[in-house]
Amino acid sequence: MRGLPAALVMVLTVSPVEAQSTGKWPPDSLVNTVVIPKDTPVLQVVGRMRNFTSDLGVRCEFCHDGEAGKPLTTFDFPSDRKRTKVVAREMMRMVDDINRRLDSLPGRPTPAVRVTCSTCHRGVARPMPLSTLIAETAQAAGADSAVAAYRGLRTRHYGSGAYDFGESSLNVTAFRLGRANRFPEAFRILDLNAEFFPNSSGMEVFRGNIELMRGDTVAARRAFQEAIRRDPANEEARGRLEAVKPKP
Ligand code: HEC
Ligand code: HEC
């Protein structure tokens, strides 16, 4: 529909949806459920749907044809137009598969642990390790964007379990950026991490290893020495320092 006036696109895309909506909430019966048996009580399905929204940190319109803030009577729930709904259906099948496999574990402790959407999602729609998310942002959009993304996520999700804001996440991010030869970004990320974990010995080992990647042995040695100063019991730092000692 490229090139069409915006108003016309609205008419073409919105009106058929409204024409199909059932106009009744809750609906009398299930119309287009493939995974959920058709004879499941509608209110039970709605309960499951509410779990989806909290498990993924989204609202009904993330998967269903309907507008935020509008009454549910205007939604077309049976429609499969949204990609996210189709993905969610595959996820339901996947979770059923996983639980079936878990049911066959030998000597399974009781009570059994069941996998749900939140086992992976923990309140976010596209679950991924924080280190991956920040490294990808730094590579695609630069260090400023990566730092801003981290601060934003930390403000919004700290303590929720959605992301691991422990020290290792940004150390791993920096290490990955170093391996991709993105040294300014890597050091920027370590400096950000140092704001939250100012006396970390382990972080200086990461710094030293990244200095080595870019070939700066002197800076690496300094970082390993700093790691030992911060924690004299850091054996890894001692080993690394030994390995980069100037040859006699
Ligand atoms: C993460 C995606 C997702 C979210 C969020 C979600 N749903 Fe669903 N919904 C689905 C999927 C997938 C199906 C179809 C399940 C199947 O095929 O068995 C479905 C089916 C339904 C149906 C049955 C439609 C029919 O065909 O009869 C209703 C009603 C429904 N959802 C209501 C809701 C409501 C209300 C909300 C918000 C509280 C909501 N859903 C949130 C994915 C979602
Ligand atoms: C085993 C872990 C796991 C479980 C359990 C799981 N998901 Fe997912 N889900 C993922 C991953 C990983 C992705 C991201 C895939 C990608 O885009 O590369 C994802 C993506 C999605 C997406 C697409 C989000 C987007 O923005 O593209 C939806 C919708 C979704 N899951 C719904 C669900 C629902 C509903 C359940 C429970 C029935 C569920 N998932 C259970 C791991 C899981």
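Every number for a ligand or one of its atoms is a count from 1 in the order of the listing.
Residue contacts with ligand 1: Arg89 is placed with a nitrogen or oxygen under 3.5 Å of a nitrogen or oxygen of the ligand (distance criterion only). At least one N or O atom of His121, backbone or side chain, sits closer than 3.5 Å to an N or O atom of ligand 2. Some N or O of Ile36 is nearer than 3.5 Å to an N or O of ligand 1, by distance alone. Polar contact with ligand 1: present for Val31 (N/O pair, distance under 3.5 Å).
When side chains are defined from C-beta on, Asn193 counts as touching Met203, because their heavy atoms get closer than 4.5 Å. The closest side-chain heavy-atom distance from Glu242 to Phe224 is not below 4.5 Å. For the pair Met49 and Ile36, the minimum side-chain heavy-atom distance is below 4.5 Å. Looking at heavy atoms from C-beta onward, Arg207 lies in side-chain contact with Asp191 at the 4.5 angstrom threshold.
The ligand atoms of ligand 1 that sit less than 4.0 angstrom from a heavy atom of Trp25 are 29 (C), 35 (C). In the vicinity of Thr116, heavy-atom distances shorter than 4.0 Å reach the ligand 2 atoms 5 (C). Less than 4.0 angstrom separates some heavy atom of Asn32 from each of these atoms of ligand 1: 17 (O), 25 (C), 26 (O), 27 (O). Residue Val58 approaches ligand 1 through these ligand atoms, each under 4.0 Å from one of its heavy atoms: 5 (C). Those atoms of ligand 1 with a heavy atom of Val35 less than 4.0 angstrom away are 16 (C), 17 (O), 18 (O). Near Arg50, the atoms of ligand 1 lying under 4.0 angstrom from a non-hydrogen atom of the residue are 38 (C). Against a heavy-atom cut-off of under 4.0 Å, Cys63 is close to the following atoms of ligand 1: 1 (C), 2 (C), 3 (C), 4 (C), 5 (C), 42 (C), 43 (C). Which parts of ligand 1 touch Cys60 is read off a 4.0 Å heavy-atom cut-off, strictly below it: atoms 34 (C), 35 (C), 36 (C), 37 (C), 38 (C), 39 (C), 41 (C). Atoms of ligand 1 found under 4.0 Å from any heavy atom of Lys85, numbered from 1 in the order shown, are 11 (C), 12 (C), 13 (C), 14 (C), 19 (C).
Under a 4.0 angstrom heavy-atom cut-off, Val46 registers as lying outside contact with ligand 1. At least one heavy atom of Thr53 lies less than 4.0 angstrom from ligand 1.
Pairing each heavy atom of Asp80 with each of Lys85, the nearest pair is OD1-NZ, 3.0 Å. Considering all non-hydrogen atoms of both residues, Glu195 and Pro198 come closest at O-CD, 4.2 Å.
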Please walk me through it: do Arg188 and Asp144 pass salt bridge (Lys or Arg N to Asp or Glu O under 4.0 Å)? CA-CA 9 Å; Arg188 183 78 189 284; Asp144 285 346; 2.8 Å; yes

Q.
side chain to side chain donor-acceptor pair (under 3.5 Å) for Thr132 and Arg176? Distances and angles first, verdict last.
A. CA-CA 9 Å; Thr132 308; Arg176 279 202 200 160; 3.2 Å; yes

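Residue, atom and distance of the protein heavy atom nearest to atom 24 (C) of ligand 2 are Ala125 O, 3.3 Å. In this structure, the protein non-hydrogen atom closest to atom 27 (O) of ligand 2 is Arg83 NH2, 2.6 Å. At the shortest separation from atom 28 (C) of ligand 2 among protein heavy atoms lies Val87 CG1, 3.7 Å. Nearest protein neighbour of atom 13 (C) of ligand 2, counting heavy atoms only, is Pro127 CD, 3.6 Å. Looking at atom 1 (C) of ligand 2, its nearest protein heavy atom turns out to be Cys120 SG, 2.7 Å. In terms of protein heavy-atom proximity, atom 19 (C) of ligand 1 is closest to Met49 CE, 3.2 Å. Nearest to atom 18 (O) of ligand 2 among the protein's heavy atoms is Arg126 NH2, 3.2 Å. Counting protein heavy atoms only, atom 37 (C) of ligand 2 is closest to Cys117 SG, 1.8 Å. For atom 26 (O) of ligand 2, the closest non-hydrogen atom on the protein side is Phe62 CZ, 3.7 Å.
Residues Phe52 and Phe62 do not share a hydrophobic cluster, clusters being chains of Ile/Leu/Val/Met/Phe/Trp/Tyr side chains in contact below 4.5 Å. Clustering ILVMFWY residues whenever any of their side-chain heavy atoms sit less than 4.5 angstrom apart, transitively, puts Leu133 in a cluster other than the one holding Val172. Each of Leu56 and Val124 belongs to its own hydrophobic cluster when Ile, Leu, Val, Met, Phe, Trp and Tyr are linked at side-chain heavy-atom distances under 4.5 angstrom.
Of all the heavy atoms of Met94, the ones lying under 4.0 Å from any atom of ligand 2 belong exclusively to the side chain. At a 4.0 Å heavy-atom cut-off, ligand 1 touches Phe52 through the side chain alone.
Cation-pi contact between Arg154 and Phe196: present, with separation from the ring centre below 6.0 Å and deviation from the ring axis of at most 45°.
In this structure, His64 has its ring center at least 6.0 angstrom away from the ring center of Phe75.
The nearest non-hydrogen atom to atom 16 (C) of ligand 1, considering only Val34, Thr84, Leu30, comes from Val34. Comparing His64, Met91, Lys38, Met92 by heavy-atom distance to atom 42 (C) of ligand 1, the nearest is His64.
The main-chain N or O of Phe197 is never found under 3.5 Å from a side-chain atom of Ser200 such that the two would form a donor-acceptor pair.
Using a 30° and 60° split on the angle between ring planes, Phe165 and Tyr150 fall in the perpendicular class, above 60°.
No donor-acceptor contact under 3.5 angstrom links the side chains of Ser201 and Arg229, judged on distance only.
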